[in-house]
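Notes to accompany the following structure.
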Protein chains: 2
Amino acid sequence: MSEMNDNIAQNTQLYHVDLGARAYDIHIEPGCLTNIGQAMADLFPAPSRCMIISNTTIAPLYLHRVKTSLEQAGWQVSECILADGERYKTIQSFGLIMDALMQAKLSRNEPVIALGGGVVGDMTGFAASCYRRGIPFIQVPTTVLAQVDSSVGGKTAINHPHGKNMIGAFYQPRLVWIDPQVLNTLDIREIRAGIAEAIKYGLIRDAELFSWMQQNITAALALNASVLSRLIHTSCRHKAEVVVADETEQGMRALLNLGHTFGHAIESMTHYESYLHGEAVAIGTLMAARLSEQLKYAPAGTEKIIHDCYLAAGLPTSIPDFSADAWLDAMGHDKKNIGSRIRYILLHNIGDAFLAEDVSPDAIRALIGSYI
Amino acid sequence: MSEMNDNIAQNTQLYHVDLGARAYDIHIEPGCLTNIGQAMADLFPAPSRCMIISNTTIAPLYLHRVKTSLEQAGWQVSECILADGERYKTIQSFGLIMDALMQAKLSRNEPVIALGGGVVGDMTGFAASCYRRGIPFIQVPTTVLAQVDSSVGGKTAINHPHGKNMIGAFYQPRLVWIDPQVLNTLDIREIRAGIAEAIKYGLIRDAELFSWMQQNITAALALNASVLSRLIHTSCRHKAEVVVADETEQGMRALLNLGHTFGHAIESMTHYESYLHGEAVAIGTLMAARLSEQLKYAPAGTEKIIHDCYLAAGLPTSIPDFSADAWLDAMGHDKKNIGSRIRYILLHNIGDAFLAEDVSPDAIRALIGSYI
């Protein structure tokens with residue numbers, strides 16, 4: 001670990017997501033969880049009421065710390081604690097948040113704070129986007145996945161039983177407040193799943209990041225502070241760049257969905273119970289890589305390189321056993337409409353993803369068939 | 001009825017709501033329901049799938065006509081028919097729309113069409129704003145209220161059991177398609193309630209419109225084509241002007257909420273079962289007028305003038321019997337917080353509304369007390 005990396009681990013890093021009227025900062029600083037009250041004072045000069053939304057895993061660990069910081073800064077804090085897990089990212093949980101907001105009588109200028117991983121962040125953001133047609137919200141991500149990906153960029157949503165993230169909004173947070181130290185209490189499985197999303201940026205647009213990840217997987221899994229720090233910084237920089245270029249996914253932002261069409265299908269077909277989001281995306285990325293090879297977009301061996309990296313990260317690499325029809329249905333192909341085409345993100349190479357508009361259901365059948 | 005008014009009744013009228021990237025037209029034309037397919041072809045050069053969302057009252061009358069027009073223009077049409085009434089403007093109905101959209105596998109560029117009154121329009125717009133984080137939607141309003149007010153401006157929402165329109169989005173339609181002839185099948189109570197919203201524009205910003213309404217109430221209730229036409233045109237013009245000036249209600253758009261703070265409380269306290277929205281707003285407007293007099297903003301007699309106009313329109317004018325605490329609670333005053341202030345729209349005079357930030361709970365208690 002070089003001295004430079006040590007400094008990165010110690011110091012504050014700021015990224016500005018320049019979206020005009022919706023611009024905001026990503027603040028990365030070890031230990032910053034205890035300073036959230038002060039940060040909120042900068043955003044809202046007259047502290048009033050706010051609500052922390054978290055889950056039953058994170059709240060016992062960090063709610064008190066965040067709440068104390070806010071109260072010391074003059075905030076009147078209420079809370080809404082939800083069940084933990086992707087299978088609770090439902091319209092029912094959304095209703096519970098609305099009930100809590102109504103009961104706390106939060107007004108249009110009073111913020112909610114998402115304290116948790118991707119599920120908490122996505123649901124809180126969507127709730128914030130529609131309560132009184134929009135109130136401010138702050139992301140305080142507590143998992144690798146949320147710190148490197150989902151807390152930045154304003155994609156908020158809940159799941160529908162038949163499709164992941166089908167109900168949501170583009171709604172930007174007012175601040176993303178990242179404390180890498182909270183990762184120390186994270187389950188190793190959550191760490192592996194988050195690392196998968198960081199590897200994703202390498203595969204899509206940064207071959208150098210991918211080879212750095214290959215070399216540093218073990219250190220990342222061991223929560224080496226400087227490796228984690230660089231992983232978070234680099235990911236946030238990529239995410240911020242892409243979001244500024246294409247906030248509502250009219251074009252290049254779609255590339256960030258590498259592995260997600262297959263990954264969402266895996267999550268939906270297994271009822272959000274068997275795989276973490278990052279795990280499903282890892283399997284989905286391997287499928288996208290194999291499809292890229294089969295369609296002659298990527299050189300032979302591309303899938304193998306990614307597969308080895310995921311193995312080193314301890315991620316699952318076997319695809320679950322469903323019929324081709326089940327896959328097509330879960331991915332939104334209309335079986336009655338022979339000509340239906342779904343957009344897939346494929347690879348020309350490591351570090352070079354692209355949007356393929358012309359993948360036919362037959363190509364998907366052939367892909368699924370190749371696993372049998 | 002002058003010849004000029006006859007012409008207005010016969011002819012097409014267009015208003016353009018100039019919101020930049022979110023700009024759209026309001027098209028008013030008797031009989032235009034049968035041309036919706038053609039209008040959609042202008043917006044979407046390659047017709048594909050769409051969904052009509054309507055209710056059990058409107059669908060038997062007009063669904064076939066709209067569907068036929070769309071199918072003739074090459075659209076593949078699915079439908080989602082909801083129960084009729086404000087009490088169904090719920091998260092449950094919202095869930096039913098999502099189920100229908102998922103089942104029809106509508107993609108991100110395929111539109112939904114709201115065929116109905118304010119409830120259908122508000123729910124459809126909100127569903128369109130969040131299904132796949134936003135798909136296009138078209139307003140085809142079939143009540144006076146929806147034609148003069150709610151179909152224009154992009155305020156979409158569902159109700160929470162404890163508060164009207166508490167869950168929603170600012171999300172503009174791609175087109176508002178108004179056929180005044182459909183009002184002929186409308187219940188007289190619905191007509192009266194819609195006229196109340198038109199009178200509202202007079203009270204807020206157009207004293208001349210108010211006196212014209214006073215003189216033409218009987219003709220409007222009898223569905224005189226030229227009177228209705230002028231009423232719709234003038235209301236749409238006012239609504240479009242205000243929305244362009246202040247799309248997300250940072251300032252002047254709030255004036256359109258005259259009578260709504262009290263009106264929403266009435267609807268919520270009576271569980272959306274006793275009053276139509278326009279009826280509740282009429283009563284709420286009388287309360288706002290009395291409060292304006294009590295606080296010395298408006299000259300004595302202001303309430304009486306409005307009261308007489310509503311009586312002529314056959315609107316309810318008595319306030320329902322609830323305790324002052326129940327009123328304050330329903331209007332969002334925090335009883336634990338002595339200093340809480342709610343914003344009310346009050347009148348300096350007929351045609352001159354303003355936003356009062358400093359109305360105390362005690363002023364509301366005195367107002368409620370004055371009715372006993």
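All values derive from a computational prediction rather than experimental measurement. Here is how names work: the chains are called A, B, and so on, in the same order as the sequence lines, proteins then strands, and each is numbered from 1. Heavy atoms only: backbone and side chains are in, while hydrogens, waters and symmetry mates are out.
With a 4.5 Å cut-off on non-hydrogen atoms, A/Tyr171 does not touch chain B at all. Proximity to chain A involves both the backbone and the side chain of B/Met98, based on heavy atoms less than 4.5 angstrom apart. Proximity to chain A (any heavy atom under 4.5 Å) is shown, for B/His162, by both the backbone and the side chain. For A/Gln103, no part lies near chain B; criterion is any non-hydrogen pair under 4.5 Å. Only the backbone of B/Thr156 has a heavy atom closer than 4.5 Å to any heavy atom of chain A.
Between A/Phe262 and A/Ile364, the shortest heavy-atom distance links the atoms CZ-CD1, 4.2 Å.
Classification of the B/Phe126-A/Phe126 ring pair by plane angle, with boundaries at 30° and 60°, yields parallel.
With respect to A/Lys105 and B/Asp329, a salt bridge is recorded, a charged nitrogen being found less than 4.0 Å from a carboxylate O.
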Report task. List the steps and the verdict of salt bridge (charged side-chain N to carboxylate O under 4.0 Å, His left out) for A/Glu249 and B/Arg133. Result -> CA-CA 10 Å; A/Glu249 197 170 305; B/Arg133 299 198 183 94; 5.6 Å; no

Report task. Assess whether salt bridge (charged side-chain N to carboxylate O under 4.0 Å, His left out) is satisfied between B/Arg253 and B/Glu247, documenting all intermediate values. Result -> CA-CA 7 Å; B/Arg253 183 166 181 173; B/Glu247 184 182 4; over 6 Å; no

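Between chain A and the options B/Gly168, B/Ala169, B/Gly163, B/Pro161, heavy-atom pairs under 4.5 Å are most frequent for B/Gly168. Among B/Phe94, B/Tyr131, B/Phe170, the residue with the largest count of heavy-atom pairs under 4.5 Å with chain A is B/Phe170.
When each of A/Lys89, A/Arg87, A/Lys164 is tested with A/Glu267 by the rule salt bridge (Lys or Arg N to Asp or Glu O under 4.0 Å), just one qualifies, namely A/Lys164.
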